[in-house]
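A short write-up of the structure that comes next.
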Amino acid sequence: MPGMLMDGGGAIVPFSGEPGHAVAAAPPVRNIRHGVAPPISRVYVSFSSGNLLQVACLRPPNPEGGGDRGAEEVSGGRVVEVNLGGGGSGPGGADAEEIDEAEMRRIEYGSVPAFALLQSRKNALVDGSGMSRLPSVSEHAEWWQYVLEYSKTIGSLLGNPDSLSAYMIDDPKMILKVKEKPTSLKAAWELLEIFFVDKQLQTWLPERLVDWLADYDSLLTKTENTIYRTLINFQKKLINLQVVEDDPDYWSGLSAALSVGWLDIVVNMLRFHGSYQLDQMDSRETENGLVEAVAVLVSTMPRMRPDLPSGKLGQCCKTRSDFIKALEKWRGQVSKLECSAFWIQCGHQKTRDGLKSLLHIMLGNIKNLTASTSHWLELFASHLLYIRPFTVGFEGMHQLAQKCIQLKPSADNSRLTGLLTGILSENTEVVLAECTKNFGPWMVTHAMELLTADNDYADMMLHEERPNFGGISIEELHRLVYAQVLCSHALTWQIAPTYLSSCLNQGLGLLEILLLKQPIQDNRVVLKTLEICRLYELENVSTNIMKIAGIYHWKHGRKGTGVYWFQQANDKVRLDRIAQQLFEHIGKSVTDDSFKQWEGLLELLGSDIGSAGGLEFLHRYRDFKRSLQMAQEGRTGESVRQTVEFLIQLMRNPSTPQRFWLPLLHDSVRLLNCKPCPLLNVAETTLLLNKLQELSLAKLRPDFSNIHLPSHALNSVRLALASNLARSILEEP
């Protein structure tokens with residue numbers, strides 16, 4: 001919808017009610033970095049795929065004589081995309097974690113080999129077992145391992161999980177440090193892998209969720225508080241604090257970190273306590289002993305998991321029985337410390353209250369856990385750690401999640417919380433809808449393999465062919481949508497065939513349309529398109545592309561390139577038409593300039609003239625002309641005999657047009673009159689006389705095309721042939 005610019009204070013599209021001045025809620029403002037030099041005369045706005053809005057900013061037409069301006073000013077305009085799915089563009093908005101176009105293209109290209117390998121393995125399982133339905137693939141025992149390998153490969157493209165958040169304990173003033181900014185796309189992918197693919201996590205699923213929260217707690221909400229944001233705020237205050245144990249934020253940060261199992265951070269922060277300093281004016285041995293005892297209990301907390309990452313604290317228990325024994329022993333130690341008489345000797349009230357709050361959290365006190373956490377998902381993780389560590393199955397986790405949502409409702413529900421809620425409710429439709437709405441076609445296309453890895457309902461739902469979709473399944477529909485997104489960009493259309501070829505109903509038809517619509521101006525693009533045709537055995541499409549390329553180059557004056565593509569397509573019809581056009585430019589003798597024009601084209605055709613259709617005659621005619629020129633110059637007798645052989649071959653060859661018979665014979669009159677001995681025998685001379693007779697009869701037809709020759713040309717040829725025939729008869733024994 002175009003619109004002329006009006007006076008709006010410099011805004012491209014002015015609106016009534018600036019943010020902060022209107023009575024109603026201010027509209028969201030998104031800055032558009034279009035890069036177009038002013039003035040901007042017209043703005044076009046159109047909806048793109050998903051939540052994307054395309055905005056085209058156009059400059060006015062350049063006035064005459066304005067060619068001295070810079071390249072940026074000469075630009076006619078630019079089209080940019082605006083994402084309407086997130087919040088504002090501030091530091092905490094959606095733009096802060098969005099993946100840029102170049103990074104997304106890297107992910108798109110990197111995911112192609114993994115997707116193609118998984119499809120190849122799926123087809124191999126189908127062919128090996130003779131199954132007719134793809135959903136039965138999930139019944140194979142090794143299939144989930146293939147999907148897990150696929151998921152790990154895709155996950156590595158989205159970022160390194162080991163470097164998303166690394167808690168530094170070397171620097172005494174550093175609580176946590178983020179090496180690589182986490183993204184919601186990576187977090188969502190890991191959630192799907194945890195719940196749908198990795199069967200090895202079933203015994204320690206609560207711990208895996210705790211690890212996931214440690215990596216992506218910063219993405220849970222944009223406006224409300226989280227434990228990650230609490231620690232970041234305290235990190236900023238820590239530089240100016242002299243006595244950290246007197247600051248309430250210190251103890252609230254400790255309680256928050258402990259409630260979600262960030263044990264290494266808790267131990268590190270406990271080391272900030274003033275009782276560890278050597279230059280103490282009073283005796284704080286008892287206070288320091290209590291702090292150290294809590295730190296030891298935190299670092300030895302039992303964890304029901306096979307192992308711990310480097311730098312993480314806790315006591316690993318691989319079996320349920322070992323975990324129960326270790327947990328009872330550990331909680332007994334915590335209770336013993338809580339009832340110790342040393343608390344009376346601790347003179348620092350805030351330290352005493354803060355440490356006891358940590359002990360209550362370790363004992364699973366619901367009141368302390370609720371007060372220490374900010375988001376319902378954090379409370380959910382704390383319940384899994386301290387209250388219900390044996391919670392397994394979607395039903396139990398979903399009930400617990402609903403309870404936590406009631407205790408800590410959130411007005412700002414992020415993309416991740418909506419996805420997790422759908423996963424825990426075992427609602428595949430909700431999970432698919434959340435992925436489609438929040439993460440785009442790439443996520444949906446690749447995540448469907450995870451959803452169907454070990455879920456029969458999802459398998460049936462996604463692979464069922466639906467009449468309202470044109471007879472295709474939901475899986476194929478989303479793949480087609482993603483392929484169309486790839487086709488819309490010049491840098492990603494090359495990988496679209498991988499996804500189109502996996503769509504059995506409509507994919508190949510759309511693939512043919514895609515390949516036929518590729519530009520043929522650049523030979524490199526044509527060669528790439530032909531290679532794709534070869535990979536997918538699309539011979540008819542390949543032939544049509546070569547014909548289209550030949551027509552384009554021929555019409556634009558690159559006749560040699562055009563003939564080359566016609567030859568590759570084996571297009572004898574067009575090659576014959578080209579030959580007819582070239583016949584019109586053939587001169588009467590070897591000295592004509594027109595001969596040189598088409599002679600160069602014949603050189604480009606090469607020696608393989610069998611596929612050149614009507615051009616075969618031009619090759620032979622060129623050889624005849626060259627040999628005739630050498631014979632007329634009187635170089636060698638061999639050239640004379642070779643010229644005669646070329647003449648007989650041309651007259652006998654059916655590809656020689658009839659209208660060229662007389663010019664060929666007329667050019668050979670001097671050879672026919674050669675003395676002292678005739679160059680043609682009786683049979684050859686008789687052949688030429690018969691051709692001349694046919695030509696005389698053909699001239700009577702109205703459609704006969706004649707080449708302009710002297711009026712005496714026919715009589716000269718007839719006389720030369722008669723003379724040569726008489727001499728040949730006399731010469732024969």
Side-chain angles (χ1 to χ4, degrees), residues 107-108 110-126 128-129 131 134-164 182-216 304-309 318 392-394 397 416 419-420 422-424 426 428 431-432 434-435 439 442-463 475 478-479 498-499 502:
I107 295 173
E108 291 169 347
S111 57
V112 171
F115 179 83
L117 177 61
L118 187 65
Q119 299 306 311
S120 176
R121 287 174 169 175
K122 178 187 292 185
N123 296 332
L125 290 176
V126 173
S129 58
M131 295 182 300
L134 286 179
S136 301
V137 173
S138 59
E139 299 175 2
H140 285 262
E142 66 271 22
W143 175 244
W144 76 271
Q145 297 178 350
Y146 292 155
V147 179
L148 180 60
E149 179 183 347
Y150 160 80
S151 178
K152 296 293 185 184
T153 304
I154 298 295
S156 64
L157 292 172
L158 302 177
N160 186 4
D162 295 333
S163 62
L164 284 175
T183 62
S184 296
L185 189 62
K186 170 67 174 178
W189 187 270
E190 286 196 5
L191 276 179
L192 297 178
E193 179 183 306
I194 292 171
F195 285 98
F196 291 100
V197 183
D198 199 347
K199 295 183 178 180
Q200 299 173 348
L201 298 179
Q202 293 179 354
T203 56
W204 57 288
L205 184 58
E207 283 282 343
R208 184 63 185 89
L209 277 178
V210 171
D211 292 345
W212 180 88
L213 183 63
D215 291 336
Y216 304 108
M304 194 170 65
R305 54 189 302 157
D307 53 19
L308 279 169
K318 298 182 179 181
V392 293
F394 287 99
M397 286 192 173
L416 296 176
L419 177 62
L420 181 59
I423 292 174
L424 295 179
E426 297 185 90
T428 307
V431 175
L432 196 63
E434 290 291 332
C435 291
F439 302 103
W442 177 90
M443 179 67 171
V444 181
T445 301
H446 295 84
M448 283 189 293
E449 300 294 347
L450 276 60
L451 296 178
T452 59
D454 192 29
N455 190 321
D456 294 336
Y457 172 74
D459 215 345
M460 180 186 64
M461 183 194 74
L462 295 178
H463 289 105
E475 180 185 60
H478 284 287
R479 288 181 183 177
T498 302
Y499 300 92
S502 65

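Worth knowing before you read on, the calculation uses all heavy atoms, side chains too, and leaves out hydrogens, waters and symmetry mates. Here the structure is a predicted model, which is why all the values come from computation and not from measurement.
Among residues two or more places apart in sequence or in another chain, the side chain to side chain donor-acceptor pair (under 3.5 Å) test is passed with Glu108 by none. Remark: Glu449 pairs with Lys122, Arg479 by the salt bridge (charged side-chain N to carboxylate O under 4.0 Å, His left out) rule, at least two apart or across chains. With sequence neighbours excluded, no residue forms a side chain to side chain donor-acceptor pair (under 3.5 Å) with Lys318. For Glu434, the side chain to side chain donor-acceptor pair (under 3.5 Å) partners are Asn438, not counting sequence neighbours. Under the side chain to side chain donor-acceptor pair (under 3.5 Å) criterion, Arg305 pairs with Glu207, Asp211, sequence neighbours left out. For Leu148, the side chain to side chain contact (heavy atoms under 4.5 Å, CB included) partners at least two apart in sequence or on another chain are Trp144, Lys152, Glu193, Val197, Asp198.
Across all their heavy atoms, Pro113 and Gly110 have their closest contact at CD-O, 3.3 Å. Between Leu416 and Ser184 the shortest heavy-atom distance is CD2-O, 3.6 Å. When all heavy atoms of Ala453 and Trp143 are compared, the closest pair comes out as O-CD1, 3.9 Å. The minimum heavy-atom distance linking Ala188 with Leu419 is given by the pair CB-CD2, 3.5 Å.
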Determine, step by step, whether Tyr146 and Leu117 satisfy the side-chain contact (heavy atoms from CB on, under 4.5 Å) criterion, reporting the C-alpha distance in whole Å, the side-chain angles of both residues, the deciding distance to 0.1 Å, and the verdict. CA-CA 9 Å; Tyr146 292 155; Leu117 177 61; over 6 Å; no
Might you work through the side-chain contact (heavy atoms from CB on, under 4.5 Å) test for Leu432 and Leu462, ending with a clear yes or no? CA-CA 10 Å; Leu432 196 63; Leu462 295 178; 3.8 Å; yes
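Taking the six-membered ring where the residue is Trp, the centroids of His446 and Tyr499 are separated by under 6.0 Å.
Rounding to the nearest 0.5 angstrom, the gap separating the CH2 atom in Trp212 from the CG atom in Leu205 is 12.5 Å. Note that CE of Met443 is 12.5 Å distant from NE2 of His478, once rounded to the nearest 0.5 Å. Note that the CD atom of Glu426 and the CE atom of Met397 stand 11.5 Å from one another [nearest 0.5 Å]. Atoms OG1 and CG, on Thr153 and Leu158 in that order, are 11.0 Å from each other to the nearest 0.5 Å. Atom CG of Leu185 is separated from atom SG of Cys435 by 9.5 Å, given to the nearest 0.5 angstrom. The structure places CG of Leu118 at 12.0 Å from OG of Ser111, a figure rounded to the nearest 0.5 Å.
At a threshold of 4.5 Å between non-hydrogen side-chain atoms, the residues Phe196 and Thr428 do not count as touching. The shortest distance between side-chain heavy atoms of Phe195 and Leu209 falls below 4.5 Å. Contact of the Asp215 side chain with the Lys186 side chain is not registered, since no non-hydrogen atoms from C-beta on lie closer than 4.5 Å. The shortest distance between side-chain heavy atoms of Tyr150 and Leu450 falls below 4.5 Å. Within the 4.5 Å cutoff, the side chain of Val147 has no heavy atoms near those of the Asp454 side chain.
Side-chain atoms of Ser120 never come within 3.5 Å of backbone atoms of Ala116 as a donor-acceptor pair (strictly under, hydrogens ignored). Of the possible polar contacts, one joining the Trp189 side chain to the Ser151 backbone as a donor-acceptor pair under 3.5 Å is found.
Side chains of Tyr216 and Glu190: a donor-acceptor N/O pair is present below 3.5 angstrom, by distance only.
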